Structure formats: structure tokens, C-alpha cells
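Single-structure report; data block below.
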There are 2 protein chains.
Amino acid sequence: MKPGPDPCCPPALEARDLRPIEGPEADDELASLAKAVGHPARVQILRLLARRTACICGDIVDELPLAQSTVSQHLKVLKEAGLVRGDVDGPRVCYCLEPRALRRLKALVGGL
Amino acid sequence: MKPGPDPCCPPALEARDLRPIEGPEADDELASLAKAVGHPARVQILRLLARRTACICGDIVDELPLAQSTVSQHLKVLKEAGLVRGDVDGPRVCYCLEPRALRRLKALVGGL
DNA sequence: GGGTCGTATCGGTACTTGGCGATGAAGCCC
DNA sequence: GGGCTTCATCGCCAAGTACCGATACGACCC
């Protein structure tokens with residue numbers, strides 16, 4: 001039972017900072033995060049989500065010169081990497097950044 | 001004419017900081033840098049080069065569980081992304097990090 | 001010159017990625 | 001219910017990536 005109209009993006013849940021910034025696991029983690037960022041369209045999506053402070057739904061499609069199915073694929077990649085979360089809000093889906101993952105990425109890159 | 005035995009890694013040459021951290025070009029730049037980092041073996045190589053403060057040659061091959069040709073391929077990717085430089089030192093090649101590119105990557109990721 | 005060592009490149013194979021249109025599934029509204 | 005919207009998923013294809021062994025190149029040493 002939802003109490004109000006509160007659209008999406010509840011406070012983040014897990015604590016995944018605190019993990020080591022070096023070592024084999026960190027290497028793999030950095031590689032998979034970087035891989036997710038390693039496409040211009042996905043960078044654009046991340047920037048878009050960051051600009052509209054909170055989350056927006058798939059009018060991301062309108063902003064990119066790509067078919068809806070392609071954008072959906074990119075969102076899936078970002079979601080699987082943990083960089084983005086998609087909350088179902090009625091018929092539409094509300095995507096937003098996962099700040100922890102972003103912080104983690106920055107920490108890992110900073111550790112290079 | 002080289003004056004001395006000075007192995008490699010002369011002072012970095014170009015100034016490629018100062019470029020914008022947002023916008024279409026920055027997006028592409030971030031994407032291509034991230035793509036280069038987006039593989040565990042390449043992360044390991046970067047870490048290796050960072051650890052041995054300066055440059056080392058292809059005993060990187062000894063450190064990785066990969067064939068020599070594969071490592072050479074990864075080095076090529078990193079070199080093309082500008083993250084690494086390879087200076088020929090007699091019969092061997094001396095790789096080292098390109099600190100500017102690394103700084104650039106950190107700045108771009110930080111701008112997310 | 002002829003080895004030999006260290007790298008790069010080539011060729012091949014298996015897999016992944018990026019793109020699209022078409023189709024499905026889930027939720028709304030009338 | 002029927003129809004609409006919104007998004008995910010399913011082929012499908014072309015292109016790219018990862019890996020390897022084999023081969024070629026270049027620089028040294030004898």
C-alpha cells in the first residue's frame with residue numbers, strides 16, 4: 001500500500017561502499033562498471049538522469065536518436081551494472097541514478 | 001641522439017586537460033576511455049603500470065594468465081585510447097601510464 | 001653474417017555488442 | 001470488456017571483441 005503519490009526513487013538501500021578499492025575483485029568491478037559506461041549513448045543517458053535531478057521515465061527515448069528498443073537495451077545494461085535503477089510507476093518506468101554505484105565508480109577510477 | 005641511458009617516459013607533452021567536461025565531445029571521450037578500461041585484463045595492466053612507479057616492458061605478460069599476443073592486443077587498445085604510451089628501448093618496449101589521460105578520465109568520471 | 005630475444009601483427013574461431021522492427025506483457029482509461 | 005500507451009523482449013543481421021598459435025619484424029650479441 002503506497003501512502004502517497006511519491007513517484008519513485010526511495011532512499012538507496014545497500015551499502016556497497018566500504019569495499020576494497022584494489023585487488024582482483026575490485027578490478028573486475030571496475031571493469032564491469034567501466035564497460036557499462038563505455039558507450040556514448042549510455043554516457044548520455046547517465047548525464048540526462050543526472051541533469052533532471054531525480055528520475056524520469058522513458059522520454060529518454062525522445063532525447064536520443066535511437067529506437068526505443070535500443071534505448072531499452074542500453075538501460076538494461078546500465079541497470080545490470082547497478083548504475084541505474086528502474087522503478088515501475090503505473091504503466092511507465094521511472095529510471096534514476098544509483099548514487100552509490102556512481103560513487104563506487106568514482107572511487108575505483110580515483111584509485112588508479 | 002640520446003644523451004644518456006635515460007630509459008623512457010620523458011615528460012608528458014600535450015596539454016589535454018582544459019577541455020570541457022560535458023557536451024557531446026566529452027561524452028564520446030569518456031565513452032572511449034571507459035571502454036578501454038572496461039576489461040579486467042586491462043585494469044590489471046593499468047594497476048601494474050601504476051605500481052611499478054615508472055614504466056616496465058612486456059614482463060606484463062608474465063604477470064597475466066594470457067598469451068603474449070593477447071596482452072599485446074590489450075596494450076594496443078590502451079595505447080590507442082591514450083592511457084598508455086610505449087617507448088621503444090632497444091629490443092624491448094617500455095610501457096608507462098600517460099598521467100594526463102588518466103587525469104582526464106578521472107575528471108570526466110568525476111563530472112558524472 | 002646467423003642466432004636469439006622481445007613484440008607486433010596476421011589468420012582464424014567463438015562469442016558479444018549494437019542496431020532495428022515486430023511482437024508481447026502490463027497497466028491505465030473509457 | 002476494448003483500446004491505448006509504455007516499456008521489455010525477441011529474432012535477426014552486421015560488426016566488433018577476445019583469445020590463441022603461428023609468423024614476421026627489429027634489435028641486439030657472438
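Computed from a prediction, not measured in an experiment: that's the story for all the values here. In the text below, chain A, chain B and the rest are named by the order of the sequence lines, each starting its count at 1.
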5′-ward residue of the pair A:Ser69/A:Gly38 relative to DNA chain C:
A:Gly38
OP1 or OP2 of [N] under 4.0 Å from side-chain N/O of [X]:
X       : N      : value
B:Tyr95 : C:dA8  : yes
B:His74 : D:dT17 : no
B:Lys35 : D:dT17 : yes
B:Thr70 : D:dC19 : no

Nearest to the side chain of [X], heavy atoms from C-beta on, is which of [options]?
X       : options                : value
B:Lys79 : C:dA8, D:dG16, D:dC7   : C:dA8
B:His39 : D:dA18, C:dG18, C:dT16 : D:dA18
B:Leu66 : C:dG18, D:dA8, D:dC19  : D:dC19
A:Ser72 : C:dC20, D:dT9, D:dT17  : D:dT9
B:Pro91 : D:dT6, C:dG18, D:dA27  : D:dA27
B:Ala67 : C:dT17, D:dC28, D:dG21 : D:dG21
B:Gln68 : C:dT17, C:dG19, D:dA22 : D:dA22

Could you tell me how far apart [X] ([atom1]) and [N] ([atom2]) are, to the nearest whole angstrom?
X       : N      : atom1 : atom2 : value
A:Glu80 : D:dA8  : CD    : P     : 12 Å
A:Gln44 : C:dG18 : CD    : P     : 14 Å
B:Asp89 : C:dC5  : CG    : P     : 18 Å
B:Gln73 : C:dG11 : CD    : P     : 13 Å
B:Arg92 : D:dC28 : CZ    : C1'   : 10 Å
B:Asp87 : D:dG26 : CG    : C1'   : 17 Å
A:Ile45 : C:dG18 : CD1   : P     : 11 Å
B:Lys76 : D:dT17 : NZ    : P     : 11 Å

Under 3.5 Å: donor-acceptor pair, side chain of A:Arg42, backbone of A:Ala36
yes
Can you tell me how far apart CD1 (A:Ile60) and CZ (A:Arg52) are? Round to the nearest 0.5 Å.
8.5 Å
Any side-chain heavy atom of B:Leu66 sitting closer than 4.5 Å to one from B:His74?
yes
Side-chain contact test, heavy atoms from C-beta onward, threshold under 4.5 Å: evaluate it for A:Leu83 versus A:Leu97 and give yes or no.
no
For the pair A:Glu29 and A:Arg104, find out whether any cationic side-chain nitrogen is under 4.0 Å from an anionic carboxylate oxygen.
yes
